[in-house]
Amino acid sequence: MAEDRIIVFFDLETTGLDTSSCDIIQVAAVYEENVFNKYTLPRQAMTPSAKQVTGFTVRPDGLFLHDKPVETVPLTEVLNSFISFLRSFRRPVLLAAHGAKRFDAPVLTRVLRRHSLLQQFQQVVSGFLDTFLLSKHLYPRLSRHSQEYMVQHFLRMSYNAHNALEDARMLQKLYKRWSPNNGDILCSSFRGVGCFY
DNA sequence: TGCCAGGCCCTCTTTAGGGCCTT
């Protein structure tokens with residue numbers, strides 16, 4: 001991992017939990033005060049549990065979040081502008097998400113590959129950091145390691161969980177509170193999934 | 001009618017089961 005790499009915290013909201021088939025609805029990321037946040041209209045219906053958890057609904061007239069209309073852009077535009085956002089820092093990026101290994105990285109990689117953007121992505125992103133694995137590594141005795149629990153436990157805050165932007169912001173706060181060393185980060189990082197090597 | 005995600009980890013384990021975690 002390059003010494004001068006930065007860690008960008010990100011989160012996805014999707015139509016469900018099946019990483020092999022779900023559609024992305026929201027991509028959000030933060031690096032310090034820099035923010036990326038875009039929504040896109042999924043091609044498929046949301047699972048009932050995803051609808052309940054995220055508050056998103058897909059209607060004939062567009063995407064709604066808690067019954068308020070949300071501005072969407074085509075998925076290709078979301079992905080291209082996300083890569084541009086990451087490239088703008090002009091340093092290798094380690095992308096961090098809670099559960100990145102199991103969920104966010106496989107979904108993002110699959111969608112990037114489908115849009116022939118994986119190679120461009122790889123030129124900017126050196127790997128992923130899974131803060132779920134990191135929290136288990138740092139605090140193995142805690143009974144739970146969900147992001148919502150971690151935020152309550154370490155930051156004594158409740159927040160708008162399951163909105164990708166708020167999740168990414170809180171993850172950055174948590175990371176700063178934890179202050180992991182390079183060894184901790186390496187233990188919880190991976191280069192990619194599938195052909196992302 | 002019965003299916004409906006799936007990998008990881010723990011233990012009352014390994015010839016298994018169940019909870020956690022992500023949406």
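- With respect to the salt-bridge test (charged N to carboxylate O, under 4.0 angstrom), the residues A:Asp4 and A:Arg91 do not qualify.
- Going from the C1' atom of B:dT23 to that of B:dG7 covers 16 Å, rounded to whole Å.
- Within the 4.0 angstrom heavy-atom criterion, only backbone atoms of the sugar-phosphate kind lie near A:His145; the bases stay farther away.
- If you take OH of A:Tyr149 and P of B:dG19, they are 19 Å apart, rounded to a whole angstrom.
- Rounded to the nearest Å, the gap between the P atom of B:dC8 and that of B:dC12 is 22 Å.
- Spacing between B:dG2 and B:dC9 at atom C1', rounded to whole Å, works out to 29 Å.
- When the side-chain nitrogen and oxygen atoms of A:Arg144 are compared with OP1 and OP2 of B:dC21, one or more of them lie within a distance under 4.0 Å.
- Note: CZ (A:Arg141) to P (B:dC10) measures 13 Å, nearest angstrom.
- The environment of A:Gln44 atom CD is dense: over 12 non-hydrogen atoms of other residues, nucleotides or ligands sit within 6.0 angstrom.
- Nucleic acid contact class of A:Lys51 (heavy atoms, under 4.0 Å, all strands): none.
- Counting to the nearest Å, the P atom of B:dG19 and the CG atom of A:Leu142 are 20 Å from each other.
- Under the 3.5 Å distance criterion, the side-chain polar atoms of A:Gln147 are matched with a main-chain donor or acceptor of A:Asp167.
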Could you go through residues 134-141 of chain A and list every donor-acceptor pair under 3.5 Å that involves a side-chain atom there, pairing it with any protein atom two or more places apart or in another chain?
from, atom 1, to, atom 2, distance (Å)
A:Ser135, OG, A:Thr131, O, 3.3
A:Ser135, OG, A:Phe132, O, 2.7
A:His137, NE2, A:Asp184, OD1, 3.0

Between side-chain atoms of residues 62-80 of chain A and protein atoms elsewhere (two or more places apart, or another chain), which donor-acceptor pairs fall under 3.5 Å?
from, atom 1, to, atom 2, distance (Å)
A:Asp67, OD1, A:Arg59, NH2, 2.6
A:Asn80, ND2, A:Thr76, O, 3.0

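- Between the CD atom of A:Gln44 and the P atom of B:dA5 there is a distance of 12 Å, given to the nearest Å.
- Within 4.0 Å of A:Asp23, counting heavy atoms only, lies no atom of the nucleic acid at all.
- Nearest to the side chain of A:Gln147, among B:dC21, B:dT22, B:dT23, sits B:dT22.
- A:His98 has its NE2 atom 14 Å from the P atom of B:dC20, to the nearest Å.
- The separation between A:Leu65 atom CG and B:dT23 atom P is 14 Å, rounded to whole Å.
- The gap from the P atom of B:dG18 to that of B:dC3 amounts to 15 Å, rounded to the nearest Å.
- Heavy-atom nearest nucleotides on DNA chain B were determined for A:Thr47 and for A:Asp18, and the one closer to the 5' end corresponds to A:Asp18.
- Protein atom CD of A:Glu13 is 17 Å distant from nucleotide atom P of B:dC21, rounded to whole Å.
- Both A:Lys136 and A:Phe132 sit near DNA chain B, but only A:Lys136 has its closest nucleotide nearer the 5' end.
- Counting any heavy atom pair closer than 4.0 Å across all strands shown, A:Leu12 reaches sugar-phosphate atoms only and no base atom.
- If you take CG of A:Leu171 and P of B:dT22, they are 10 Å apart, rounded to a whole angstrom.
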